[in-house]
Protein chains: 2
Amino acid sequence: MRKLGTRHENLDRKVYRELKSMIVDRKLKPGDKILQEKISQEFGVSRTPLMCALKKLEQEKLVQAIPRRGFYVRRFTKEEVLEAFELREILEGLAARRAAIIITAIQAERLRGFFTDADVSESGQGIKRYADEDRRFHNFLIELGGFDLLNDILENYNIITVSYRVDVMEGLVRHPRETLPEHRALIEAIASGKPDLAEKLARQHFARSRQQLLKEMELEKARRPSKPAASHPRAVRTSQQEPGP
Amino acid sequence: MRKLGTRHENLDRKVYRELKSMIVDRKLKPGDKILQEKISQEFGVSRTPLMCALKKLEQEKLVQAIPRRGFYVRRFTKEEVLEAFELREILEGLAARRAAIIITAIQAERLRGFFTDADVSESGQGIKRYADEDRRFHNFLIELGGFDLLNDILENYNIITVSYRVDVMEGLVRHPRETLPEHRALIEAIASGKPDLAEKLARQHFARSRQQLLKEMELEKARRPSKPAASHPRAVRTSQQEPGP
DNA sequence: GGATTGAATATTGTATTCAAAAATCACTAA
DNA sequence: TTAGTGATTTTTGAATACAATATTCAATCC
């Protein structure tokens with residue numbers, strides 16, 4: 001019997017993926033209005049599947065829909081990033097615990113392969129590669145937890161993505177120099193089957209990033225005592241337009 | 001300035017809500033195929049907003065989309081319900097902790113108003129009302145936690161809904177007689193601002209339901225040693241058809 | 001009688017169309 | 001100039017149209 005549901009790929013799925021990566025890769029920037037006509041022409045599809053994809057992204061909070069006005073790429077607040085870390089602290093802690101319990105030898109080997117050739121120097125290229133590896137690592141960790149529902153939530157809900165929405169160091173909150181040993185310790189704890197240690201290390205990892213983020217937020221607040229940002233996009237221009245003279 | 005995004009209510013939102021409640025209320029039963037033409041006529045809208053709503057429900061896992069075949073009301077496995085409880089154990093534990101920290105006097109009063117006139121007798125009516133109150137209570141608890149992201153996830157991801165997908169006692173895993181004192185203790189812990197106790201009680205509450213569920217699953221497995229259920233709906237009839245002789 | 005084939009029918013996925021709302025622009029008056 | 005106002009253009013939200021695919025069912029063959 002052939003697998004159902006995988007043979008055909010609906011257009012809206014393709015559009016969804018394409019659009020999502022455009023947002024994640026910052027080709028569409030926070031605040032940008034999504035011009036449906038333009039994008040659908042660009043993708044060579046009608047507005048119907050695009051609309052579908054946009055609704056999906058709205059549910060994921062990657063875009064914001066304003067009725068009768070359109071869709072805008074959403075901007076995450078530091079508070080939201082903080083919440084995402086708080087959630088990841090417990091959720092990935094749980095995943096790490098379960099991973100340590102059910103991990104197989106083959107998976108352990110693959111896990112140990114992460115961050116083997118990490119470049120901890122200052123180079124921008126190195127940071128970028130580390131950030132990518134970081135993402136892959138955490139995704140794999142969740143996968144190892146064997147928690148379908150959790151997997152789904154973290155993936156579809158973009159908790160991971162949100163976490164990288166800090167504006168420095170490719171979205172990393174702390175420098176690889178600091179996080180690399182933590183990652184390695186966590187890897188070892190899971191690979192060698194130590195649930196308690198794994199959970200503790202995973203939680204510590206996020207707790208520390210959270211503290212760092214909090215510290216930055218305090219600093220920022222101290223610098224700009226009261227400058228409330230506009231919460232809704234109003235008369236936002238697309239980033240594609242020519243900058244004024 | 002007028003509130004953006006709340007004045008207009010898109011059709012697909014209405015259809016979404018309507019459809020969702022039809023599924024939750026079992027007017028559409030697990031396995032049922034969703035006939036788009038029929039439903040859209042019933043709702044008096046075209047298939048476009050219905051399609052949108054269906055895609056949303058697909059993301060929430062309340063319906064399953066099979067390309068070129070249609071949408072089916074999804075059936076949750078006991079395993080999924082178990083996972084939902086496992087997640088709720090930690091997530092609502094966290095919410096209870098935070099609620100106990102930030103709760104206001106007014107909220108505490110409202111919280112103490114839950115389950116005041118609970119009917120713990122055997123009557124079906126009583127059970128139904130208790131189950132509804134149970135849902136409202138847990139939703140309020142999450143709200144009290146003040147965790148926007150968590151709120152969203154639990155709501156949109158139907159973790160709560162999934163939890164009530166057990167086929168006995170209106171979806172309740174344990175009898176009110178057993179859970180009522182737990183609810184009351186939890187309420188008191190939160191209302192009187194005891195974070196540690198609140199988290200402990202919340203987690204215990206779910207852990208016990210989880211154990212009960214596990215026990216039932218074991219029993220069931222013992223009764224029917226090997227009868228693998230079909231994982232995909234195949235030639236599923238709508239529940240509207242006349243039952244055969 | 002039961003499996004197989006293929007035309008007829010139904011349903012889906014997507015494009016197109018259209019009315020209503022919002023944005024933009026040109027024009028007038030202070 | 002600049003604020004306000006009405007006409008024009010864009011854009012959205014939803015209905016309809018249509019081609020591609022799936023399902024059904026009757027006729028045929030073994």
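The sequence lines fix the lettering, A, B, ..., with proteins before strands; numbering per chain opens at 1.
Note on ring orientation: taking the six-membered ring where Trp is involved, the planes of Phe115(A) and Phe137(A) are perpendicular (angle over 60°, cut-offs 30° and 60°).
Here the OG1 atom belonging to Thr77(B) is positioned 8.5 Å from the CG atom belonging to Asp148(A), to the nearest 0.5 angstrom.
Taking 4.0 angstrom as the limit, Arg69(B) places none of its side-chain polar atoms (N or O) nearer than this to OP1 or OP2 of dT21(D).
Evaluation of atom-type donor-acceptor distances gives no pair under 3.5 Å for the side chain of Ser46(B) against the base of dA14(D).
Atom CZ in Phe71(A) sits about 21 Å away from atom P in dT10(D), given to the nearest Å. One interatomic measurement links the two molecules: CE of Met51(A) to C1' of dT11(D), which rounds to 10 Å at whole-angstrom precision. In this structure, CG of Leu35(A) is placed 12 Å from P of dT10(D), rounded to the nearest angstrom. Atom CG in Asp12(A) sits roughly 14 Å away from atom P in dT12(C) (whole-Å rounding). Taking atom CG on Leu54(A) and atom C1' on dT11(D), their separation rounds to 13 Å, with Å as the unit. The nearest whole Å value for the distance from the CG atom in Leu50(B) to the P atom in dT16(D) is 14 Å. Rounded to an integer number of Å, the gap from Arg68(B) CZ to dT21(D) C1' is 5 Å. Taking atom CZ of Arg47(B) as the reference point, atom P of dC18(D) lies 14 Å away to the nearest angstrom.
For Lys33(A), taking side-chain heavy atoms from C-beta onward, the closest of the listed nucleotides dT16(C), dT11(D), dT11(C) is dT11(D).
For the pair Glu60(A) and Lys20(A), the salt-bridge criterion is met [side-chain N within less than 4.0 Å of a carboxylate O]. Asp132(B) and Lys128(B) are joined by a salt bridge, as a carboxylate oxygen and a charged side-chain nitrogen come within less than 4.0 angstrom of each other.
Residues Gly70(B) and Gly44(A) each lie close to DNA chain C; by heavy-atom proximity, the contact nearer the 5' end of the strand is made by Gly70(B).
Residue Gln36(A) is classed as a sugar-phosphate contact, given heavy-atom separations below 4.0 Å to backbone atoms only.
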